[in-house]
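Here's the structure we're looking at; comments come further down.
In what follows, chains carry the letters A, B, and so on, assigned in the order in which the sequence lines appear, proteins first and then strands, with residues in each chain numbered from 1. Fair warning: this is a prediction, and the values are worked out from it, not measured in the lab.
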Number of protein chains: 2
Amino acid sequence: MTLEEGKQRFIQSWGTLGSNWGINRTMAQIHALLLIAPQSMCAEDIRTELNISMGNANMNLRALIDWGLVYKELKPGERKEYFVAEKDMWVVIRQIITHRKKKELEPMIRVLDEVAGVQEVCTESEEFCKVVRDLQLFSNKADSALDTLVRSDSNWFVGTFMKMIK
Amino acid sequence: MTLEEGKQRFIQSWGTLGSNWGINRTMAQIHALLLIAPQSMCAEDIRTELNISMGNANMNLRALIDWGLVYKELKPGERKEYFVAEKDMWVVIRQIITHRKKKELEPMIRVLDEVAGVQEVCTESEEFCKVVRDLQLFSNKADSALDTLVRSDSNWFVGTFMKMIK
DNA sequence: TACTGATTTCAATCAGTATTGAAAGTATTG
DNA sequence: CAATACTTTCAATACTGATTGAAATCAGTA
């Protein structure tokens with residue numbers, strides 16, 4: 001496989017993957033492109049490489065910056081902005097986990113806490129509360145597990161954690 | 001909060017959550033409804049409770065059965081099918097992890113393996129291969145971690161694993 | 001076999017997101 | 001300050017995937 005084929009395949013797949021992941025396709029593609037770029041790129045470079053509109057590129061670059069996956073880079077003497085991806089994969093993964101946790105797990109925990117207030121006065125409400133309690137148990141555990149994971153460093157994850165779980 | 005309010009809140013939220021999760025809204029709502037139902041329900045019960053069409057109910061029930069989250073139940077002397085949710089939360093979570101892993105992680109691993117074949121002959125290809133290798137490292141680790149998690153039992157998860165990670 | 005009630009399928013439609021592109025905004029330069 | 005180079009916004013549009021409902025299919029029953 002040539003570099004050009006590999007790049008194309010990687011960018012396209014990252015985009016598709018992104019969508020099965022709740023992340024929008026263009027955002028994932030820009031991320032892929034910057035990840036494998038040996039140096040920073042400007043909006044125009046990205047726009048032409050991916051064949052997307054200015055507006056789209058801009059919005060998704062901002063989202064990536066917001067996620068902490070891409071940084072702006074200003075070149076001295078140049079007016080336009082350049083962009084670089086965070087290349088430390090452990091940081092990348094941590095940011096993704098943090099964002100997905102916020103979007104997927106935390107709202108669930110809030111809802112469970114809310115509905116946990118139902119009084120157990122009949123078979124139906126007992127069943128309801130039991131389900132809610134079970135879900136709370138697991139979601140709180142998952143929440144703290146992910147917190148620990150995010151706070152820990154790469155070596156700990158790859159080394160200790162993985163040995164433990166084997 | 002009354003039972004009725006709690007139920008509504010739970011079902012609606014589970015639906016919304018479902019969509020930030022890559023799971024379709026109706027599928028998540030049906031699942032929520034069956035989870036908290038004290039006994040099995042038929043398609044018509046579900047249809048009226050959630051105000052959805054026959055076709056929709058049928059398709060999503062099928063998907064839930066496919067995910068191993070809901071079972072058919074045949075009542076003797078009754079022609080129509082009833083449905084019950086898997087109530088063991090550990091099983092539920094395992095099934096969800098298994099399915100999401102298949103949809104989100106495994107395709108990524110396949111793509112990485114494919115593009116890992118690029119020859120390192122210049123700065124650009126070196127950068128590319130480095131990124132791919134880093135991603136492979138983490139995705140393979142995550143893959144085996146999730147396998148272990150899915151194979152392990154509830155007590156181990158809640159007990160041992162959680163103590164380790166604390 | 002014909003009838004009935006239940007389930008499944010699928011083309012048409014709908015709704016929610018993503019994308020575009022033109023217009024407005026901002027900052028730098030001479 | 002006006003021109004230029006770039007960035008951001010946002011209403012209109014296009015896409016994608018979810019949903020409907022009518023028709024087809026299936027399975028018991030008489």
Rounding to an integer number of Å, can you tell me how far [X] [atom1] sits from [N] [atom2]?
X	N	atom1	atom2	answer
B:Leu61	D:dT19	CG	C1'	15 Å
B:Asp45	C:dA6	CG	P	11 Å
A:Ile46	D:dT7	CD1	P	10 Å
A:Arg47	C:dT19	CZ	P	14 Å
B:Ile52	C:dA15	CD1	P	16 Å
B:Asn51	D:dT20	CG	P	9 Å

Could you grab the distance from atom NZ of B:Lys103 to atom OG1 of B:Thr98, nearest 0.5 Å is fine?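 It is 14.0 Å, given to the nearest 0.5 Å.
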
OG/B:Ser139 to CE/A:Met89 distance, rounded to the nearest 0.5 angstrom?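 Nearest 0.5 Å value for the OG-CE distance: 10.0 Å.
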
Protein proximity profile, nucleotides 7-12 of chain C - base contact B, sugar-phosphate-only contact S, no contact -, cut-off 4.0 Å on heavy atoms: SBB---

Taking only distance into account, with no hydrogens and no angle test, what donor-acceptor pairs under 3.5 Å do side-chain atoms of residues 22-36 of chain B form with protein atoms, sequence neighbours excluded?
| residue | atom | partner | partner atom | Å |
| --- | --- | --- | --- | --- |
| B:Asn24 | OD1 | B:Thr26 | N | 2.9 |
| B:Asn24 | OD1 | B:Met27 | N | 3.1 |
| B:Asn24 | ND2 | B:Asn60 | OD1 | 3.1 |
| B:Gln29 | NE2 | B:Gln12 | OE1 | 3.1 |

Please give the stem ranges for DNA chain D, sorted by first residue number, where a stem is three or more consecutive Watson-Crick or G-U pairs and both donor-acceptor distances are under 3.5 Å.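 So the stems come out as C:1-30 with D:1-30.
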
If a pair satisfies salt bridge (Lys or Arg N to Asp or Glu O under 4.0 Å) and one of its residues is in residues 79-88 of chain A, list it, with sequence neighbours excluded.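 Found A:Lys72-A:Glu81, A:Lys87-B:Glu127.
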
Would you mind reporting whether [Y] and [X] have side-chain heavy atoms less than 4.5 Å apart?
X	Y	answer
B:Phe83	B:Leu61	yes
B:Cys42	B:Glu78	no
B:Phe138	A:Val92	no

How close do B:Leu17 and A:Pro107 get, counting heavy atoms only, and between which atoms?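 Looks like CD1-CB, 3.7 Å.
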
Shortest non-hydrogen separation from A:Val115 to B:Phe10 and the atoms involved: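 Reported closest heavy-atom pair: CG1-N, 4.3 Å.
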
Nucleic acid contacts - residues 23-41 of chain A versus DNA chain C, non-hydrogen atoms under 4.0 Å: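 Per residue number, the list reads A:Asn24, A:Arg25, A:Thr26.
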
Keeping the roles fixed (side chain from B:Glu5, backbone from B:Thr2), state whether a donor-acceptor pair exists under 3.5 Å.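 Indeed, once roles are kept as given, a pair shorter than 3.5 Å links the two residues.
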
Listed by chain and number, what are the ring pair (Phe, Tyr, Trp, His ring centres under 6.0 Å) partners of B:Trp67, not counting sequence neighbours?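 Ring pair (Phe, Tyr, Trp, His ring centres under 6.0 Å) check on B:Trp67 returns B:His99.
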
